[in-house]
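Notes to accompany the following structure.
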Amino acid sequence: MIVQCDVLVIGGGAAAGRAAIEAHDQGSSVAVVMKGAFGTSGASAFKIAEIAGYNVADGLVDPADNPDTHFSDIMRAAAGMADPELAKILTEGAIDSLRGLEQMNIPFHQDDDGKYMEVLGCFATKPRMHLIPGHAEPIVHAQKEAISNRQIPVYEWMFLTKFLVDDNRIAGAIGINREGELTIFHTKAIIMGTGGAGQLFSYNINPADITGDGYSIGFKAGAELVNMEFMQAGPGLIYPCKNMFNSWLWALHPKVTNGLGEEFIHKYLPPGMTLEMCMDLRSGHYPFSSYDGSQWIDIAIQSEIKEGRASKHGGVYVDFTDINIDKLLKKKRGEELNRSWNITVNWLIENRKLDLRKTRVEVAILGHAINGGLLIDDKAETRVSGLFAAGETAGGPHGADRLGGNMILTCQVYAKIAGHSAANFAKNNELIPLPHDQIEEETVRYRVLRSINGSIKPHHIKKELQEIMWRHVLVIRGEDSLTIALEKLRSLREKCQSQMIVSNNKELMNAIEAENLILVGEIITRAALLRKETRGSHFRVDFPSRNDKEFLYRIASHMQGDNIEHRTLESEKEWVRSYPYEIVHA
């Protein structure tokens, strides 16, 4: 089957939906493709937490807040690794994007006066993070309705596996559905909103379909990946339910013990740092970061699990059953923290049947989101003509650390830009002929995968990959661990080529996902090896200090033949001097 359209949008989440609406409203014929069902496919609709943050510097809580201050916070957290032009576009588009969500009747938490509740997000200096109940699911459902009303065709359960490119210009894409039927999309432009690669790690808070497909397929088509060594990881509940462990919970100073019943975090702390101080610092941001001394909690938890002192279900025990709310209220942000605690407690009771006040939980360090992605310009276009990206698939607006509440904002702002740019591209360009040699090459690939006379199921390959990445690449990195990971990833790739068995269409898709994940894992690991310093979310135990003299640049990876190559994008020293990387709140 061949489907023809002006703009092909890939993904089922907040970025893809916004891009499809914009491209359609600009006059393009649009088709939407996703691996799963619309409304449940992708990370946006996956309820990993009680709320989603959405940063808008509207000055409601602090009149001194504005887009310039928001920009300053991004650049400070980025530690020289964000593109300032892309960050500026993000902050300037935030208020308009909020108006767009209001028009779609997206609910936000409000205070008793009916005003938006705005809290201090991760790495921010002003309370600008608006709170959406139920994560980003309300956005996905509203966009689904808008797409349906526009009669935009949606192809569910369709896995695109290759972009068709001729002379660095998009011609189309090829994929298969659940029945193994081949579909070719003949299009002028493609927008990727396929999310990240959270399934790289055995502990993660991503749905099963977030397997780095956009990174891998875009990369193999000729696009570059940037900042892939920087990512978000952090504590998460793994038992009796799975949920994000939001940062404010550390402000209550819960009791943390390993599987042997021992309190252990204090053993990892540097001189002069108390457990209470470390927890207070950790309450300021969800993701792991090396910048303020809070990192020792994550390092301690990860180390205890790796060294065999895990709790019954593979984490550590965290106990809130004896907390002192009065003590919480006396803190600098006491009222705000108390409101956040109540939101968390009530949401977990209602949605997870868990009362944190009565039940000890098990927690591990989980992979969350990639701060990098496909390198884009101010039009959201990659270096492949006609190929655009938005949301977590795109790299550039974020750096070494990312503000909490900026990712879903990025989905909305850059998806609108991508939709507008792709529609303009389609207006000004004709369809180019489909490269039939590439179509044949991909169909041969399917046949080869189906014919490997092996014994290892694709999902076993995935599990082995996840263990490698969680054990050797997440949070604690060093020359030895990263080198081991790289060697194991190369061995795993060989297993895919010679020892895997694919006996049905579902396993064929799993096999291709495994190949995509292995490639992305190798790119992340190689970038982490190249950056011999510690910066933000990238922590090198063998190079524990930041080194602006030698590493004030971003790493961009690209394909050269069959090899992964790298180049550096120098950071403007003036941006780094203007926004020093420092503790902004404790």
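As the structure is a prediction and not an experimental result, all values here were calculated from the model. Nothing fancy with the numbering, it's 1 onward along the sequence.
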Measuring from His460:NE2 to Ile501:CD1, what's the distance to the nearest 0.5 Å?
11.5 Å

Indicate, with yes or no, if the rings of Tyr239 and His313 have centres closer together than 6.0 Å.
yes

Inter-residue atom distance Ser216.OG - Ile518.CD1, 0.5 Å rounding:
10.0 Å

Please say whether more than 12 non-hydrogen atoms of neighbouring residues, nucleotides or ligands are located less than 6.0 Å from CG in Asn453.
no

Are Phe230 and His398 side-chain neighbours, meaning at least one heavy-atom pair lies under 4.5 Å?
no

So does Arg493 pair up with Glu487, basic N to acidic O under 4.0 Å?
no

Verdict with reasoning, Ile524 to Ile370, per side-chain contact (heavy atoms from CB on, under 4.5 Å):
CA-CA 10 Å; Ile524 290 173; Ile370 309 295; 4.0 Å; yes

Assess whether atom NZ of Lys427 is packed by more than 12 heavy atoms of other residues, nucleotides or ligands within 6.0 Å.
yes

Please report the closest heavy-atom contact between Val520 and Ala197, naming both atoms and the distance.
CG1-CB, 4.0 Å

Start with the C-alpha gap between Arg450 and Glu507, add the side-chain angles, then the distance that decides, and say whether salt bridge (charged side-chain N to carboxylate O under 4.0 Å, His left out) holds.
CA-CA 9 Å; Arg450 286 187 173 108; Glu507 287 182 353; over 6 Å; no

Which residues share a side-chain hydrogen bond (donor to acceptor under 3.5 Å, both in side chains) with Asn227, sequence neighbours left out:
none

Heavy-atom closest pair (Glu362 atom, Gly314 atom, distance to 0.1 Å) is OE1-N, 3.9 Å

Might you point out which heavy atoms bring Ile305 and Gly315 nearest each other, and give the distance in Å?
CD1-CA, 3.7 Å

Is there side-chain contact between Ile238 and Leu366, with heavy atoms separated by less than 4.5 Å?
yes

Atom CD of Glu145: over 12 foreign heavy atoms under 6.0 Å
no

When you look at Lys462 and Gln199, which way does the side-chain contact (heavy atoms from CB on, under 4.5 Å) test go after all the steps?
CA-CA 8 Å; Lys462 284 184 181 179; Gln199 285 296 322; over 6 Å; no

Sequence neighbours excluded, the answer for side-chain hydrogen bond (donor to acceptor under 3.5 Å, both in side chains) partners of Ser29 is Asp6

Can we say Arg567 and Glu224 salt-bridge, meaning some charged N sits less than 4.0 Å from an Asp/Glu carboxylate O?
yes

Can you tell me how far apart CZ (Phe163) and CD1 (Ile174) are? Round to the nearest 0.5 Å.
12.5 Å

Specify the closest pair of heavy atoms between Ile191 and Ala422, including all atoms of both residues, with the distance to one decimal.
CD1-CB, 3.7 Å

Check: Phe185 ring centre within less than 6.0 Å of Tyr155 ring centre:
yes

Result for side chain to side chain donor-acceptor pair (under 3.5 Å) between Asp213 and one of Thr194, Asn516, Thr161 points to Asn516

For residues Pro207 and Gly42, report the shortest heavy-atom separation together with the two atoms involved.
CG-O, 3.4 Å

Name the residue from Asn505, Thr183, Leu508 that meets the side chain to side chain contact (heavy atoms under 4.5 Å, CB included) definition with Ile176.
Leu508

Any chance you could measure Arg477, atom CZ, to Ser537, atom OG, to the nearest 0.5 Å?
7.0 Å

Just do the side-chain contact (heavy atoms from CB on, under 4.5 Å) check on Lys416 and Ile21 with the steps written out, would you?
CA-CA 8 Å; Lys416 180 179 180 180; Ile21 292 167; over 6 Å; no

Can you establish whether the number of heavy atoms outside Gln151 located under 6.0 Å from its atom CD is more than 12?
no

